[in-house]
Amino acid sequence: MFLLIRDPIDVRSATDKLQRPEDGAVVVFEGVVRNNANGKDVRFLEYDAYESMALRKIEEIGAQAKEKFDIRDIAIIHRLGHMEIGECSIVIVVASAHRGPAFDACRFTIDTVKQVVPIWKKEFYTDGEVWIEGAK
Amino acid sequence: MFLLIRDPIDVRSATDKLQRPEDGAVVVFEGVVRNNANGKDVRFLEYDAYESMALRKIEEIGAQAKEKFDIRDIAIIHRLGHMEIGECSIVIVVASAHRGPAFDACRFTIDTVKQVVPIWKKEFYTDGEVWIEGAK
Amino acid sequence: MGIRVLFFASLADATGIRETNVEASGFPDVGSIFNHFAKEHPGLENYRSSALFALNSDFTPPDAPVRDGDEVAFFPPVSGG
Amino acid sequence: MGIRVLFFASLADATGIRETNVEASGFPDVGSIFNHFAKEHPGLENYRSSALFALNSDFTPPDAPVRDGDEVAFFPPVSGG
């Protein structure tokens, strides 16, 4: 399941949809909007994307994760648009028989998403706004 | 939040309770009952525990995770008793500003729980039942 | 008061005991309590090399001294999570 | 048909353009399209060294040839997730 959406991400629903009776481990990563960055108070965020390429890259990363690690399935859901503090911008769910590959695949996936998926975050502070460029 | 419970674990509620505005990453591990083990069909599981010591060890592991890794908070919830295929036996939630320590702490925690917390799993097959001894 | 003795999982099955009490006198250490139950329940011998011992909710070596009011537990390698 | 040209994030701000079209003739490669817009919008020069180029939804070097019907995109290092 690879999605770009504009509404809040329903993490539980994503997990429930992915999980199968043969899975023994589910690892979930949630990237959430935090209230500070680079020493500034963040009021909210906006995510913009080159949507067609972003979805394609997300699908490629998902396929790579399944090839590199012994996992059964993976979901990558990235939200776009306006997000408040505490809201989830990305959710990655990995399901597998055992936990090791699930952790490895989940981490590989978020690291790679942050390197190659054409999505940009704009941070809105009390005194201005800034496009964030480059991954952390 | 460190709990031993007998009812189904509400993962979303645990995550919502843990998360704070300063968190940028939430990593969740869910251990789920899978339908096979050692080449046998599993019908259901039962988890037994030395409850007072198990809770104490879980609290110790949580404190260690917070000391070893740069995370803000951690929840460890282990369910005991009868569990059906697909149900969650353990949930670990880690919240932190950045993802690296959250992944590391989550993995450390589940690995350590499986080594030192006095809880035992009994697998029920179509043709018998077996106490599982030792961690995987 | 005595010493509270607990068995778990396969060790509870081997002894038929989940929880019992012994008099503190005559038991210098945790291991001597295990030996006592292994004599009464020979099946327990099968678990001697793998069993874990706990004293007052912490792992302990067999030679740890016990006294009145302590809680001692014997159990197999853990498999939770 | 022409070539569809997209700018994102700070590069869209620098050009004031999100999406436009150019005639394919006169543009041998992706880099030549960037140069064309950098001449019209000098602010784009600031992003020349860091900008990423995409051709038909895949990363591309500037010397990749373009032809009628292609989609070209220019954007800063990504910061999603």
Side-chain angles (χ1 to χ4, degrees), chain A residues 2-5 9 29-34 37-38 42 45-61 76-81 83 88-92 106-123 128-136, chain D residues 1-22 29-31 33-34 36-38 41-62 64-81:
Chain A
F2 306 110
L3 297 171
L4 294 175
I5 65 175
I9 303 174
F29 173 78
E30 302 177 30
V32 287
V33 178
R34 63 196 176 98
N38 308 313
V42 175
L45 291 192
E46 281 181 19
Y47 279 89
D48 192 15
Y50 179 11
E51 291 196 36
S52 60
M53 180 171 170
L55 191 55
R56 185 173 160 173
K57 287 289 155 197
I58 282 174
E59 289 168 348
E60 282 177 16
I61 295 166
I76 308 173
I77 305 171
H78 204 306
R79 187 177 167 195
L80 303 176
M83 270 162 264
C88 205
S89 56
I90 185 168
V91 170
I92 297 165
C106 193
R107 192 156 187 176
F108 161 84
T109 299
I110 180 61
D111 288 350
T112 311
V113 164
K114 284 177 175 270
Q115 296 296 331
V116 306
V117 178
I119 296 180
W120 302 272
K121 175 164 65 178
K122 194 178 216 174
E123 291 176 347
E129 55 195 68
V130 169
W131 281 114
I132 304 304
E133 301 187 352
K136 276 188 209 147
Chain D
M1 193 146 57
I3 294 169
R4 199 175 176 215
V5 181
L6 308 173
F7 295 91
F8 292 96
S10 52
L11 275 67
D13 292 349
T15 57
I17 300 169
R18 170 81 171 194
E19 179 179 340
T20 188
N21 274 271
V22 296
D29 56 25
V30 176
I33 298 176
F34 187 90
H36 167 75
F37 284 94
H41 308 276
L44 200 53
E45 282 299 339
N46 300 327
Y47 299 93
R48 183 181 286 277
S49 63
S50 62
L52 300 171
F53 296 7
L55 174 60
N56 299 325
S57 289
D58 242 325
F59 289 105
T60 186
V66 290
R67 53 182 192 174
D68 210 35
D70 280 347
E71 180 175 286
V72 167
F74 303 109
F75 47 77
V78 306
S79 60

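Protein chains get the first letters and strands the later ones, always in sequence-line order, with residue 1 at the start of each.
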Do D/Phe75 and A/Met53 have side-chain heavy atoms sitting under 4.5 Å apart?
-> yes

Pairs table: donor-acceptor atoms between chain D and chain A closer than 3.5 Å:
unit_1  : atom_1 : unit_2   : atom_2 : d
D/Ser10 : OG     : A/Glu133 : OE2    : 2.3
D/Asp13 : OD2    : A/Trp131 : NE1    : 2.7
D/Arg18 : NH1    : A/Asp48  : OD1    : 3.3
D/Arg18 : NH1    : A/Asp48  : OD2    : 2.4
D/Arg18 : NH2    : A/Asp48  : OD1    : 3.0
D/Asn56 : O      : A/Arg56  : NH1    : 3.1
D/Ser57 : OG     : A/Ser52  : OG     : 3.4
D/Asp58 : OD1    : A/Lys57  : NZ     : 2.7
D/Asp58 : OD2    : A/Arg56  : NH2    : 2.8
D/Glu71 : OE2    : A/Tyr50  : OH     : 2.4
D/Pro76 : O      : A/Trp120 : NE1    : 2.9
D/Pro77 : O      : A/Trp120 : NE1    : 3.4
D/Pro77 : O      : A/Gly134 : N      : 3.2
D/Val78 : O      : A/Gly134 : N      : 3.2
D/Val78 : O      : A/Ala135 : N      : 3.3
D/Ser79 : N      : A/Ile119 : O      : 2.9
D/Ser79 : OG     : A/Lys121 : N      : 3.0
D/Ser79 : OG     : A/Ile132 : O      : 2.6
D/Gly80 : N      : A/Ile119 : O      : 3.0
D/Gly81 : N      : A/His78  : NE2    : 2.7
D/Gly81 : O      : A/Tyr47  : OH     : 2.9
D/Gly81 : O      : A/Ser89  : OG     : 3.2

Could you list the residues that satisfy side-chain hydrogen bond (donor to acceptor under 3.5 Å, both in side chains) with D/His36, not counting sequence neighbours?
-> D/Glu40

Closest heavy-atom pair, D/Val78 versus A/Val116, reported as atoms and distance to 0.1 Å, is CG2-N, 3.9 Å

Chain D heavy atoms under 4.5 Å from A/Ile110: which part of the residue, side chain, backbone, both or neither?
-> side chain

Heavy-atom distance under 4.5 Å to chain D: side chain of A/Ala54, backbone, both or neither?
-> neither

